[in-house]
Structures are given as structure tokens and as C-alpha cells.
Student: 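Dropping a structure here in C-alpha cells format, bear with me for questions.
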Amino acid sequence: MKSNVIQIENEIKLAIICLPGLETFLPDIVHSLEEKYSAQTCYSKDRNEIATVIEWCDIVWIEWANELAVIVTNELSIENKQVIIRLHSYEALSGYCTQINWEKVHTVIFVAQHIYDVLKKQKIVFPDSVRTRIIPNGVDTNKFMRAS
């Protein structure tokens with residue numbers, strides 16, 4: 001039996017993981033990333049589900065630097081994975097950032113300069129291997145505009 005699925009040999013697999021209920025910022029991001037990567041989302045608290053999607057992928061995108069990021073970087077197998085954490089605001093004030101194993105993180109994306117500044121004031125130091133980027137949150141105003 002012949003399969004209709006075409007496997008691209010060097011296709012990069014991206015897993016976007018997030019705790020359920022916190023994925024409100026992700027639909028447009030996921031849509032955009034799907035244009036470049038083979039993407040799979042996992043909005044779950046179940047460690048087995050999370051571990052399965054992490055095993056499948058090459059890149060792990062963790063939305064929010066919260067308890068999920070703490071668990072993934074300290075308790076799950078992420079060796080040979082590129083790990084990206086997107087840090088919003090409440091996590092910078094919650095104490096989670098001191099619990100994340102930054103040695104296992106490749107890139108931290110801050111949603112605003114002032115969030116980055118908050119971590120600097122808290123003396124959170126990233127290893128030299130961690131890249132930091134500031135990519136401001138965006139709002140698609142077209143979703144809120146009414147037709148005249």
C-alpha cells in the first residue's frame with residue numbers, strides 16, 4: 001500500500017507547548033511558524049503528552065516562563081533539542097525565572113524591553129550560550145475593527 005504522505009527528509013520539527021488556557025497568544029504565531037516548520041502544538045499538563053511531543057521535535061517552543069518551563073528544563077529529556085522560551089510579564093515577577101534551568105535553553109524571547117529590564121534588576125543572569133531577543137507583543141487590530 002502506497003502512502004500519500006510525503007516526508008521531507010530535512011524538515012525541522014517544532015513543538016509549541018503551553019499550559020491549557022494560556023494559549024491565547026499562540027494561534028497567529030503557530031500559523032506563521034507552520035509556514036517554515038512542521039509544527040505540532042501541545043496544550044497540556046500531562047507530562048507524558050508533553051514528553052511525547054518533545055521527543056518528536058527538533059525545537060521546543062515553551063510559551064510562558066512558568067511552571068511548565070521549570071518542569072521541562074529540569075525534569076524532562078531535552079538533550080539535543082533547541083529550546084526557546086517566550087517570557088511575558090507575570091513570570092518575571094513570580095519567581096519562576098530563578099527555577100528554570102537556563103543551561104538547557106537556547107533562546108529567550110521577551111515580549112517587551114521592560115520585562116527584560118525587570119530580570120536584570122533581579123540579577124537573573126543567563127549563561128553566555130543563551131540568546132535573548134525582544135519581540136514586542138503585537139495586536140492584530142483588524143480583528144477589532146468594524147466595517148463602516
Side-chain angles (χ1 to χ4, degrees), residues 5-144:
V5 176
I6 299 171
Q7 181 66 34
I8 300 171
E9 193 170 317
N10 293 321
E11 187 173 36
I12 298 172
K13 295 177 266 187
L14 170 69
I16 299 117
I17 62 174
C18 181
L19 291 175
L22 298 178
E23 68 274 9
T24 54
F25 293 113
L26 285 172
D28 290 336
I29 293 169
V30 170
H31 178 71
S32 177
L33 291 170
E34 286 174 332
E35 293 176 10
K36 184 173 181 179
Y37 303 98
S38 174
Q40 184 175 348
T41 59
C42 179
Y43 307 148
S44 177
K45 291 180 181 181
D46 184 285
R47 286 183 194 221
N48 290 330
E49 284 181 48
I50 296 165
T52 298
V53 75
I54 288 173
E55 184 179 325
W56 166 82
C57 73
D58 303 303
I59 302 171
V60 181
W61 174 297
I62 306 170
E63 185 71 2
W64 306 91
N66 57 15
E67 62 267 32
L68 180 60
V70 173
I71 290 168
V72 170
T73 61
N74 288 289
E75 300 175 21
L76 298 181
S77 177
I78 53 175
E79 285 70 31
N80 302 314
K81 307 290 179 182
Q82 193 175 67
V83 177
I84 300 166
I85 296 179
R86 187 159 173 253
L87 202 152
H88 299 253
S89 60
Y90 89 89
E91 316 100 274
L93 305 171
S94 67
Y96 289 120
C97 292
T98 61
Q99 301 172 50
I100 293 170
N101 184 348
W102 296 109
E103 295 287 339
K104 294 187 176 182
V105 175
H106 182 263
T107 304
V108 181
I109 299 171
F110 294 90
V111 300
Q113 178 68 46
H114 71 277
I115 303 303
Y116 177 79
D117 295 340
V118 166
L119 289 187
K120 279 179 64 176
K121 286 179 184 170
Q122 293 176 13
K123 308 279 191 243
I124 302 289
V125 178
F126 298 109
D128 291 340
S129 60
V130 176
R131 296 183 338 177
T132 58
R133 300 288 183 262
I134 298 169
I135 303 175
N137 267 339
V139 175
D140 182 356
T141 56
N142 292 323
K143 291 182 179 181
F144 303 100

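Predicted model, so just to flag it, every value in this text is computed and none were measured.
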Student: Does a side-chain heavy-atom distance below 4.5 Å link Lys13 with Trp56?
Tutor: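 The answer is yes; the side chains approach within 4.5 Å.
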
Student: Should Leu119 and Leu87 count as side-chain neighbours, where that means a heavy-atom distance under 4.5 Å?
Tutor: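 They are in side-chain contact.
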
Student: What heavy-atom pair brings Ala15 and Val53 nearest, and what distance separates the two atoms?
Tutor: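 Between these two residues, the closest heavy atoms are CB-CG2, 3.7 Å.
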
Student: Any side-chain to backbone donor/acceptor pair from Glu75 onto Val72? Under 3.5 Å, distance only.
Tutor: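 Pair absent, no side-chain N/O of Glu75 close to backbone of Val72.
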
Student: Passes side chain to side chain contact (heavy atoms under 4.5 Å, CB included), His88 versus Ile115? Steps please.
Tutor: CA-CA 7 Å; His88 299 253; Ile115 303 303; over 6 Å; no

Student: Evaluate the side chain to side chain contact (heavy atoms under 4.5 Å, CB included) criterion for residues Thr107 and Val130: first the C-alpha distance (whole Å), next the side-chain angles of each, then the deciding distance (0.1 Å), finally the verdict.
Tutor: CA-CA 5 Å; Thr107 304; Val130 176; over 6 Å; no

Student: Less than 4.5 Å apart, side chain to side chain, heavy atoms only: is that true for Trp61 and Val83?
Tutor: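 Answer no - side chains too far apart.
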
Student: Quick one: closest heavy-atom pair of Cys97 and Ala65, and the distance?
Tutor: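 Answer, listing the atom of Cys97 first, then Ala65: SG-CB, 4.5 Å.
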
Student: Go through the steps to decide whether Tyr90 and Asn66 satisfy the test side-chain hydrogen bond (donor to acceptor under 3.5 Å, both in side chains), and finish with yes or no.
Tutor: CA-CA 9 Å; Tyr90 89 89; Asn66 57 15; 3.2 Å; yes

Student: Short question: side chain of Lys81, backbone of Cys57 - any donor-acceptor pair under 3.5 Å?
Tutor: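 Checked: pair present.
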
Student: Report yes or no: does Glu91 contribute a side-chain atom to a donor-acceptor pair with the main-chain N or O of Ser89 at less than 3.5 Å?
Tutor: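 Flag set: sc Glu91 to bb Ser89 pair under 3.5 Å.
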
Student: Looking at Ile12, Val60, Ile59, Val105, which one forms a side chain to side chain contact (heavy atoms under 4.5 Å, CB included) with Gln82?
Tutor: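 For Gln82, the side chain to side chain contact (heavy atoms under 4.5 Å, CB included) check succeeds only for Ile59.
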
Student: Please answer whether the main-chain N or O of Ala69 pairs with a side-chain N or O of Thr73 as donor and acceptor at a distance below 3.5 Å.
Tutor: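 Yes: the side chain of Thr73 pairs with the backbone of Ala69.
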
Student: Give the ring-plane orientation class for Phe25 versus Trp64, where under 30° counts as parallel, over 60° as perpendicular and anything between as tilted.
Tutor: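 Because their plane-to-plane angle lies in the 30° to 60° range, the rings of Phe25 and Trp64 count as tilted.
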
Student: Using 0.5 Å steps for rounding, measure from the CG atom of Leu14 to the CD atom of Gln40.
Tutor: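 Reported to 0.5 Å precision, the distance equals 10.0 Å.
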
Student: To the nearest 0.5 Å, tell me how far Ile16 CD1 sits from Glu63 CD.
Tutor: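 If we round to the nearest 0.5 Å, Ile16:CD1 and Glu63:CD are 9.0 Å apart.
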
Student: Counting C-beta onward and ignoring hydrogens, is there a side-chain heavy-atom pair between Arg86 and Ile29 closer than 4.5 Å?
Tutor: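 Side chain of Arg86 against side chain of Ile29, heavy atoms only: contact under 4.5 Å found.
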
Student: Working to the nearest 0.5 Å, report the span between CG of Asn101 and CD1 of Ile78.
Tutor: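 Answer for the CG-CD1 pair, Asn101 versus Ile78, is 7.0 Å.
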
Student: Within a reach of under 6.0 Å around OH of Tyr43, are more than 12 heavy atoms found that belong to other residues, nucleotides or ligands?
Tutor: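 Enclosed.
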
Student: Give, for atom NZ of Lys104 and atom CG of Leu76, the distance between the pair rounded to the nearest 0.5 Å.
Tutor: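 Rounded to the nearest 0.5 Å, the NZ-CG separation comes to 9.0 Å.
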
Student: May I ask you to decide if Cys42's main-chain N or O and Glu23's side chain share a donor-acceptor pair within less than 3.5 Å?
Tutor: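 No: the side chain of Glu23 does not pair with the backbone of Cys42.
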
Student: Once rounded to the nearest 0.5 Å, what's the spacing between atom CD1 of Ile17 and atom CD of Glu49?
Tutor: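 CD of Glu49 is found 11.5 Å from CD1 of Ile17.
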
Student: Would a 4.5 Å heavy-atom cut-off, applied to side chains only, mark Arg47 and Ile71 as touching?
Tutor: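 SC-SC contact between Arg47 and Ile71 confirmed.
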
Student: Main chain of Leu33, side chain of Glu35: is a donor-acceptor contact present, judged purely on distance under 3.5 Å?
Tutor: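 Checked: no pair found.
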
Student: Identify the two heavy atoms, one from Leu19 and one from Glu67, that lie closest to each other, and give their separation to 0.1 Å.
Tutor: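 Nearest heavy atoms, Leu19 then Glu67: CD1-OE2, 3.4 Å.
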
Student: Enter the distance from Ile85:CD1 to Ile62:CD1 here, rounded to the nearest 0.5 Å.
Tutor: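 With rounding to 0.5 Å, CD1 (Ile85) is 4.5 Å from CD1 (Ile62).
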
Student: Decide yes or no on side-chain hydrogen bond (donor to acceptor under 3.5 Å, both in side chains) for Ser77 and Glu79, but give the supporting numbers first.
Tutor: CA-CA 6 Å; Ser77 177; Glu79 285 70 31; 3.1 Å; yes

Student: A side-chain contact here means heavy atoms from C-beta on lying under 4.5 Å apart; do Asp58 and Tyr37 qualify?
Tutor: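 Not touching, per the 4.5 Å side-chain cut-off.
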
Student: Hey, does Pro136 have a side-chain heavy atom less than 4.5 Å from the side chain of Phe110?
Tutor: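 Of all side-chain heavy-atom pairs linking Pro136 with Phe110, none is under 4.5 Å.
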
Student: Compare every heavy atom of Gln99 with every heavy atom of Asn74, then report the nearest pair and how far apart it is.
Tutor: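 Result for this residue pair: ND2-O, 2.8 Å.
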
